[in-house]
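Written below as structure tokens is the structure these notes are about.
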Amino acid sequence: MNANVGGIDRVLRIVAGLVLVILAILGIGNPWTWIGAVPLATGLLGWCPAYTLFGLRTCPLRKA
């Protein structure tokens, strides 16, 4: 797995994921708020399977 999520994209995923998961834990909203685990995980890992599928990348390339 090569990182393909970076910068502001990663921060937004983590924040949105945390908000949704916290809402789910508190019982606010509906059961679909647990979907926040997906952006939270992709933000923390820095890798998004959908980005890989579509050939997208927001993480800058590293020079070896």
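Note: hydrogens, waters and symmetry copies are ignored here, and every other heavy atom, side chains too, is used. As the structure is a computational prediction, the values presented were derived from the model and not from experiment.
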With a 4.5 Å cut-off on side-chain heavy-atom distances among I, L, V, M, F, W and Y, is there a chain of contacts connecting Leu26 to Leu20?
no
Would you kindly confirm whether Ile35 and Leu23 end up in one hydrophobic cluster when ILVMFWY residues are joined by side chain heavy atoms under 4.5 Å apart?
no
With the 4.5 Å side-chain cut-off for hydrophobic clustering, are Ile14 and Val11 part of the same group?
no
Val5 versus Cys48, closest heavy-atom pair with distance:
CG2-CB, 3.7 Å
Do Thr33 and Val21 pass the side-chain contact (heavy atoms from CB on, under 4.5 Å) test, and can you show the C-alpha distance, the side-chain angles, and the key distance before you say yes or no?
CA-CA 6 Å; Thr33 54; Val21 168; over 6 Å; no
I'd like to know whether CG of Asn30 has more than 12 heavy-atom contacts from other residues, nucleotides or ligands below 6.0 angstrom.
yes
Decide side-chain contact (heavy atoms from CB on, under 4.5 Å) for Ile25 and Trp34; before the verdict, give the C-alpha distance in whole Å, the side-chain angles of both, and the deciding distance to 0.1 Å.
CA-CA 8 Å; Ile25 290 170; Trp34 284 107; 3.7 Å; yes
Quick one: pull up OH in Tyr51 and OG1 in Thr58 and give me the separation to the nearest 0.5 Å.
5.0 Å
Reported OG1-to-CG distance for the pair Thr42 and Asp9, which is rounded to 0.5 angstrom
8.0 Å
In terms of hydrophobic clustering (I, L, V, M, F, W, Y; side-chain heavy atoms under 4.5 Å; direct or indirect links), are Phe54 and Trp47 co-clustered?
no
Between CZ on residue Arg10 and CG on residue Leu44, distance to nearest 0.5 Å:
7.0 Å
Look only at the side chain of Arg13 and the backbone of Val38, and say whether a donor-acceptor pair between them is shorter than 3.5 Å.
no
If you look at every heavy atom in Gly36 and Pro39, which pair is closest and at what distance?
O-CD, 3.3 Å
